[in-house]
Amino acid sequence: MNDTFGKILSIWIGCVLLFLLPISFYAGEQDRMEKLYLLTETSYFVDSVRNTGILTTAALEQFEKKLSLLSGLYQIEMEHASSIYTKPQKEYTIQLDCYYTKQILEQLKTTGEYRFFQGDFFKVSIVERKNGFGKRIQNLFLGNEGFSEGVVTYYGGMIRCEME
């Protein structure tokens, strides 16, 4: 009886080591590759906007299409900050005028483009709304429950060129 239990236990441990651990490892690798892909596509999109000074509906739709190919569900959040310089009596003051995703999308719907001025700041954040395949497999094997929504990647910078 003791010998049978030992054999069953060793077979079970062998199955875990031969099958489940490599699957968990490759699921983690897939998750890391998705994050690298997200960072690459986000930087390409933001740099395109920064170089031209204009965001078009077609460029945003193409970026959304690239994100939809991944196993997770991601949301794009954009931020546009513009510096306003004013000179009161003695010294200059700088105020930031910020526009967020909702205002940017409204402008895109009405005119089809969103223009920036040289020196403005543009930032895109990618927020994960649903776990991808790799995280689900890891959560299954590691026993992690729940989902923590958060920023996967972000990229931004100053607009170099203006269209007007």
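Below, all heavy atoms of this structure are taken into account, side chains as well, without hydrogens, waters or symmetry copies.
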Q) Under a 4.5 Å side-chain heavy-atom rule over Ile, Leu, Val, Met, Phe, Trp and Tyr, are Val49 and Phe121 clustered together? A) no
Q) If you group Ile, Leu, Val, Met, Phe, Trp and Tyr whenever their side-chain heavy atoms sit less than 4.5 Å apart, what else falls in with Tyr100? A) none
Q.
For Asp120 and Ser82, which I'm curious about, is there any donor-acceptor pair between the side chains at under 3.5 Å?
A. yes
Q. Rounded to the nearest 0.5 Å, what separation is found between the OH atom of Tyr114 and the CD atom of Glu106?
A. 10.5 Å
Q: To the nearest 0.5 Å, tell me how far Ser83 OG sits from Met158 CE.
A: 7.5 Å
**Q.** Pairs satisfying salt bridge (charged side-chain N to carboxylate O under 4.0 Å, His left out), at least one member in residues 69-84, at least two apart
**A.** Glu77-Arg129
Q: Please tell me if the side chains of Val152 and Val127 come closer than 4.5 Å, counting only heavy atoms from C-beta onward.
A: no
**Q.** Residue pairs fulfilling salt bridge (charged side-chain N to carboxylate O under 4.0 Å, His left out) with at least one residue in residues 47-56, sequence neighbours excluded
**A.** Asp47-Arg50
**Q.** Gln118 side chain to Arg160 backbone, donor-acceptor under 3.5 Å
**A.** yes
Q: Identify the two heavy atoms, one from Ser125 and one from Tyr154, that lie closest to each other, and give their separation to 0.1 Å.
A: OG-CB, 3.6 Å
Q. Between OG1 of Thr52 and CD of Glu113, what distance do you get to the nearest 0.5 Å?
A. 10.0 Å
Q) Any donor-acceptor pair under 3.5 Å linking the side chain of Thr57 with the backbone of Gly112? A) yes
Q.
To the closest 0.5 Å, what do you measure between CD (Glu34) and CD (Glu128)?
A. 8.0 Å
Q: Report yes if some heavy atom in the side chain of Arg32 is under 4.5 Å from a heavy atom in the side chain of Glu29; otherwise report no.
A: yes
Q: Working to the nearest 0.5 Å, report the span between CG of Asp31 and CG of Leu36.
A: 11.5 Å
Q. Where do Phe116 and Ile54 come nearest, in terms of heavy atoms and distance?
A. CD1-N, 4.2 Å
Q. Partners of Leu105 by side chain to side chain contact (heavy atoms under 4.5 Å, CB included), sequence neighbours excluded?
A. Leu60, Met78, Thr101, Leu108
Q. Do any pairs count as a ring-ring contact (aromatic ring centres under 6.0 Å, His included) and have a residue in residues 40-63, sequence neighbours left out, and if so which ones?
A. Phe45-Phe63
(Q) I'd like to check Val46 versus Phe122 (side-chain heavy atoms, cut-off strictly below 4.5 Å). Are they in contact? (A) yes
Q. Among pairs that include at least one residue of residues 57-76, which meet salt bridge (charged side-chain N to carboxylate O under 4.0 Å, His left out), considering only residues two or more places apart or in two chains?
A. Glu41-Lys66
Q.
What's the separation between atom CG in Leu38 and atom OG1 in Thr153, rounded to the nearest 0.5 Å?
A. 7.0 Å
Q: Taking all non-hydrogen atoms of both residues into account, name the closest pair between Tyr37 and Leu70 and its distance.
A: CD2-CD2, 3.6 Å
(Q) Minimum heavy-atom separation for Leu96 and Ala81, please, with both atom names. (A) CD2-CB, 4.3 Å
